[in-house]
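Hydrogens, waters and symmetry mates are skipped; everything else that's a heavy atom, side chains included, is used.
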Amino acid sequence: MTEPRGFPTPWLVVEKAESFCVEDAVGLAVAWTYFSDDAAARAARGLMTRDEAHRIAKAVAMIPEMRTIIRTLQDGLSEAEASEG
């Protein structure tokens, strides 16, 4: 069985031609969001606007940071519960 891949932080949003690529710290693509500035092309191909695609790419790039924050909060709650009990 293969080992799961890691995606080292930080994750960065890089604009490409009609897309945004979320890349990990070594440049490996984690996710892509595609857009078009042409309304007809967006409708025909189901693409997002540039702003929508950028907003989603930024949200994806924040996932590792948010996981760290959530873990820290969970650890703090566990410690607080343990000290109360």
Side-chain angles (χ1 to χ4, degrees):
M1 185 178 256
T2 60
E3 236 177 89
R5 283 194 270 185
F7 299 98
T9 58
W11 289 4
L12 305 171
V13 176
V14 180
E15 186 169 357
K16 309 279 185 173
E18 297 190 335
S19 66
F20 291 98
C21 181
V22 179
E23 297 179 353
D24 70 6
V26 295
L28 184 66
V30 175
W32 290 85
T33 57
Y34 295 91
F35 65 87
S36 177
D37 292 323
D38 177 19
R42 280 197 308 273
R45 296 173 36 209
L47 298 173
M48 295 178 273
T49 65
R50 177 187 302 269
D51 288 342
E52 291 167 336
H54 190 236
R55 188 171 53 241
I56 291 171
K58 287 191 313 185
V60 170
M62 288 175 34
I63 289 172
E65 182 178 330
M66 294 306 297
R67 288 180 66 192
T68 300
I69 290 169
I70 290 168
R71 260 187 257 129
T72 301
L73 289 171
Q74 289 173 334
D75 291 347
L77 290 173
S78 295
E79 289 175 13
E81 289 173 357
S83 68
E84 289 176 4

Pairwise distance [atom1]([X]) to [atom2]([Y]) - rounded to 0.5 angstrom:
X: Ser36; Y: Met48; atom1: OG; atom2: CE; result: 11.5 Å
X: Ile63; Y: Ile70; atom1: CD1; atom2: CD1; result: 10.0 Å
X: Thr33; Y: Lys16; atom1: OG1; atom2: NZ; result: 12.0 Å
X: Ser19; Y: Tyr34; atom1: OG; atom2: OH; result: 5.5 Å
X: Leu77; Y: Thr72; atom1: CG; atom2: OG1; result: 11.0 Å
X: Glu52; Y: Arg55; atom1: CD; atom2: CZ; result: 6.0 Å

Minimal non-hydrogen separation, [X] against [Y], with atom names:
X: Thr9; Y: Ala25; result: O-CB, 3.2 Å
X: Val13; Y: Ala61; result: CG2-CB, 3.9 Å
X: Asp24; Y: Gly6; result: OD2-O, 4.2 Å

Flag yes if Leu12 and Phe20 sit in one hydrophobic cluster, no otherwise; membership is Ile, Leu, Val, Met, Phe, Trp, Tyr, and two members link when side-chain heavy atoms are under 4.5 Å apart.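 No, no single cluster joins them.
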Joint cluster assignment, Leu28 & Val22, ILVMFWY side-chain distance < 4.5 Å: yes
Kindly say whether Met62 contributes a backbone atom to a donor-acceptor pair with the side chain of Glu65 at under 3.5 angstrom?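 Answer holds: no.
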Over 60° means perpendicular and under 30° means parallel, so classify the ring planes of Phe7 and Trp11, tilted if in between. perpendicular
